[in-house]
Amino acid sequence: MPSDGIPRIGMPRNGISEKVMPAGGIAKPRLTREQIAQRAALELPDGAYVNLGWGIPNLIAGHLPKGITVYFHSENGILGMGPRAKPGEEDFDLVDAMKVPVTLIPGASFFHQADAHVMTRGGHLDVAVLGGFQVSEKGDLANWRIPGAKGPGGIGGAMDIAAGAKTLIVCMEHSTKDGAPKIVKRCTYPLTALECVDTIVTDLAVIDVKPEGLLLREVAPCWSAEEVQALTGAPLIVRRQIPEMSFA
Amino acid sequence: MPSDGIPRIGMPRNGISEKVMPAGGIAKPRLTREQIAQRAALELPDGAYVNLGWGIPNLIAGHLPKGITVYFHSENGILGMGPRAKPGEEDFDLVDAMKVPVTLIPGASFFHQADAHVMTRGGHLDVAVLGGFQVSEKGDLANWRIPGAKGPGGIGGAMDIAAGAKTLIVCMEHSTKDGAPKIVKRCTYPLTALECVDTIVTDLAVIDVKPEGLLLREVAPCWSAEEVQALTGAPLIVRRQIPEMSFA
Amino acid sequence: MVGGFGGAGFPNNLIQALARKGAKNITAVSNNCGTRDGELGIMFKNNQIKHVIAAFPGPHANHFLERFAAKEVTLELVPQGILCERMRAAAAGLQGFYTTVGVGTEVAAGKEERVLEERRCILERPIHADYALIKAQTADELGNLTYRLAARNFNPIMAMAAQTTIAEVEEIVPIGAIHPEHVVTPAIFVHRIVQAKGIRYAE
Amino acid sequence: MVGGFGGAGFPNNLIQALARKGAKNITAVSNNCGTRDGELGIMFKNNQIKHVIAAFPGPHANHFLERFAAKEVTLELVPQGILCERMRAAAAGLQGFYTTVGVGTEVAAGKEERVLEERRCILERPIHADYALIKAQTADELGNLTYRLAARNFNPIMAMAAQTTIAEVEEIVPIGAIHPEHVVTPAIFVHRIVQAKGIRYAE
């Protein structure tokens, strides 16, 4: 047992560029992007003010549990976004942060971009959900540029959102397309913010970032804690029998 | 002639606490507060955005030349104030910075106090007119507390306004009630802002604060440059024959 | 934090309730310190406030002035626009800002001074608050607010700056009854709404 | 400074005119760097911009990306909310502010870092501009502006921050036709108004 007294399961032979594959190389089913979004949607409390970032987070709005009202914030100055506009009903003065035409729900409001970021940076959003390229065991997030990619990248609102949200959830695949872990001891990609992530929802697991380390909360159906650990670049704390991910 | 080559008329035996009286102690007529306001009103260009402070400045709105439109700003969040409300027509949600009910002119707008001070501090007001207890020869202003007065005094919006107005005019009596000069080499009262005043309009003169010193522009009817200098605690620059104050 | 500029936009009903409740040792942030028994006056009369941050205590703040003279309350006097910005900094998650306002004056005492943009300026820090008591005209049931005329003043800034914002309003309308473009304070900044007929005190 | 978030609230008519005029060596401040030939795209196509300050150049900013790759344009990448605050600081006469945003990232490179409010933060400086080109929905003849839906975005901030603000609007109404409580950008911030039918480019 490590000297801090917290039980950990066996550490992988770590290394970010090393491809870590499931034992025997057998491809087990992983969650789809929609399923990741569906699981993350359960983290949103009724009545919460929530910002959804690009990628998987943007799919969450379509998976809200029945009976839950969430006020979606967009950093271009909207609170209370509804679903995407239907074809033929788009209004290009009413777009979300991805510049996709959306609708409003009752109680919506408009404001300018500086006030929109008073909300992000000032700690007024209950939950923000961002995509991620890497998350470190301390909760550092890298999500705006892949080294070596063409062009300068783009920060957008991610740094303000990451710095300020009361609760920050990252939705991403557990591994890169090359099989490298995206949850790592230290981020090697350009950082978005330090020690900002509270929870990671991937196609394999739900993991909470705690002061003592990464706490494995749930695993995807058919996956064991050990198998998830083998694909994770930082040690996971396993306090008890890990339940399967719930979707409702 | 002083070593800087600028002609000055005879300096008074200076000293802020010393009572400086006109030669022979004969009381000449000075302008009334309304007349000071009337003269200062001529400094406001057509279409200007203007903030008027407490005291004499507040009287200026009643003396605008015909055909001139000025957009009066109030730091509690109004642009486009009109005259004071008539008795019986007061609305106590529509008050000026002195908390007196006012009216609006067409084109008026409301905004919150932070935006009101974006306008003051950010250099957006064309002219601000403040009252003054002392103005120094460098244009330092003291206008919020008299030493020894009861209570802690109050700054209000004066410091933001003084720091930011494109042109700052001070309207005040030329001397204190005790006869001491209010235009001084250095302010001895608590300061409002350093090197902020552009023009001083008093019951005796119009004086511009220039990099080279205080430039006497006009004197009150029946007053000579020498007589005004005798009541001024800092040297005045007199470049030419000084005209009488104009009121239209 | 307590909104209003004099009586305009001042949450008198909330302050009356706070006076009845009797909470003590309050640090208050408000532009003024009351008009006789009106506005914050009753709080000073009851000796409920131990420290106040204000721009203009005011000539009719007799209860404040008595407590201040008796050293029963302390005062931080802040330029009005800087008071707004310090609250906004707290609202916006900023840790401080530099301003030329107050340079060379009593306000600069004890503050860091440096030259930026070729001008002398001082470092001002955020003002945080546990509660903002504000006054608005209309709330929808979600907490979106609009204000009447110049009763807006400090209220939208304080609503953003406090941990918990309690709004006294003249009327509550159904969700969606305020046009989204006309909302001044979005509901995210408003935590409680109290409907009450506005109280006015003579200036 | 050029308003808009993608195409929403982007002053395409003003930019088309600036493209025809052919002004060169422009430093541009805008959230995005264009959508193919739309929005700022034409300015990069014409090589009129030498430096751009942006939060999100964008995946369809092909003309910018080509100029950037050829080192014909330089870029300062700024977090979006900090971009807003730096412009607002210029508007508000503030000389700088501290923020936790960007600490420990590339954005912090070369910036002063210190601990305030028990948090690591960096010093950010104002962004001034000679001109703001913005898009609004309605202007009155004095220059009071309102915006349509989320086309508001950066426009009110840029209007405050520039020396001269030129607003492209869909309609001009008589003075007084906009309710004083509904004005979003007061006329003091608006120096020229140009009426033009909005242009849209596909994203």
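Proteins get letters first, then strands, A, B, ... in listed order; numbering begins at 1 in each.
Minimum heavy-atom separation, C/P57 to B/G154: CD-CA, 4.0 Å. When all heavy atoms of C/G104 and B/L194 are compared, the pair lying nearest together is CA-CD1, 4.0 Å. In this structure, C/P156 and B/H112 approach most closely via the heavy-atom pair CG-CB, 3.8 Å.
Open room surrounds NZ on B/K210; 12 or fewer heavy atoms of other groups in view lie less than 6.0 Å from it. Atom CZ of C/R119 is surrounded by 12 or fewer heavy atoms from other residues, nucleotides or ligands within 6.0 Å. Residue-environment remark: CZ (B/F133) exceeds the threshold of 12 foreign heavy atoms within 6.0 Å. Applying the 6.0 Å contact sphere to NZ of B/K86 captures no more than 12 heavy atoms from other residues, nucleotides or ligands. Enclosure of atom CD in C/E66 by more than 12 non-hydrogen atoms of other residues, nucleotides or ligands within 6.0 angstrom is indicated.
For a residue to count as touching a neighbouring chain, one of its non-hydrogen atoms must lie under 4.5 Å from one of that chain's; by this rule B/A193 touches chain C with the backbone only. Heavy-atom distances place no part of C/Y147 under 4.5 Å from chain B, backbone and side chain included. With a 4.5 angstrom heavy-atom cutoff, B/D115 does not touch chain C via any of its atoms. Both the backbone and the side chain of C/I82 come within less than 4.5 Å of a heavy atom of chain B. Neither the backbone nor the side chain of C/N155 comes within less than 4.5 Å of any heavy atom of chain B. At a 4.5 Å heavy-atom cutoff, the contact between C/F154 and chain B is made by backbone and side-chain atoms alike. At a 4.5 Å heavy-atom cutoff, B/S74 makes no contact with chain C through either its backbone or its side chain. Heavy atoms closer than 4.5 Å to chain B are found nowhere in C/R86, neither backbone nor side chain.
B/H117 and C/E85 share no donor-acceptor pair across their side chains, judged by distance under 3.5 Å alone.
Per-residue counts of heavy-atom pairs under 4.5 Å with chain C were compared for B/A97, B/G77, B/G151; the largest is that of B/A97. Among the candidates C/N153, C/V107, C/T100, C/V184, the residue making the largest number of heavy-atom pairs closer than 4.5 Å to chain B is C/N153. Taking chain B as the reference chain and counting heavy-atom pairs below 4.5 Å, the highest number among C/L77, C/I157, C/V78 is found for C/L77. Listed options B/T192, B/V100, B/D91, B/V118 were ranked by heavy-atom pairs under 4.5 angstrom with chain C; first place goes to B/D91. Of the residues considered (B/I161, B/L104, B/D93, B/L191), B/D93 shows the highest number of contacts with chain C, using heavy-atom pairs under 4.5 Å. Ranking B/A163, B/A114, B/A162, B/A116 against chain C, the residue ahead of the rest is B/A114, based on heavy-atom pairs under 4.5 Å.
Here SG of C/C84 is found 8.0 Å from CZ of B/R121. Values are rounded to the nearest 0.5 Å. Separation of atoms CZ (C/R148) and CZ (B/F92) is listed at 12.0 Å; rounding is to 0.5 Å. If you take CD on C/E106 and CE on B/M159, they are separated by 7.5 Å, rounding to the nearest 0.5 Å. Separation of atoms OG1 (C/T105) and CD1 (B/I155) is listed at 6.5 Å; rounding is to 0.5 Å.
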Tell me, with the steps shown, if C/Q80 and B/T120 meet side-chain contact (heavy atoms from CB on, under 4.5 Å).
-> CA-CA 11 Å; C/Q80 193 179 87; B/T120 65; over 6 Å; no

Would you please test B/K99 and C/T35 for side-chain contact (heavy atoms from CB on, under 4.5 Å) and show each step?
-> CA-CA 11 Å; B/K99 288 141 194 165; C/T35 307; over 6 Å; no

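Looking at B/D160, its side chain does come within 3.5 Å of a backbone N or O of C/G81 through a donor-acceptor pair.
In this structure, C/P79 and B/W144 have side chains that are not in contact, with every pair of non-hydrogen atoms separated by 4.5 Å or more.
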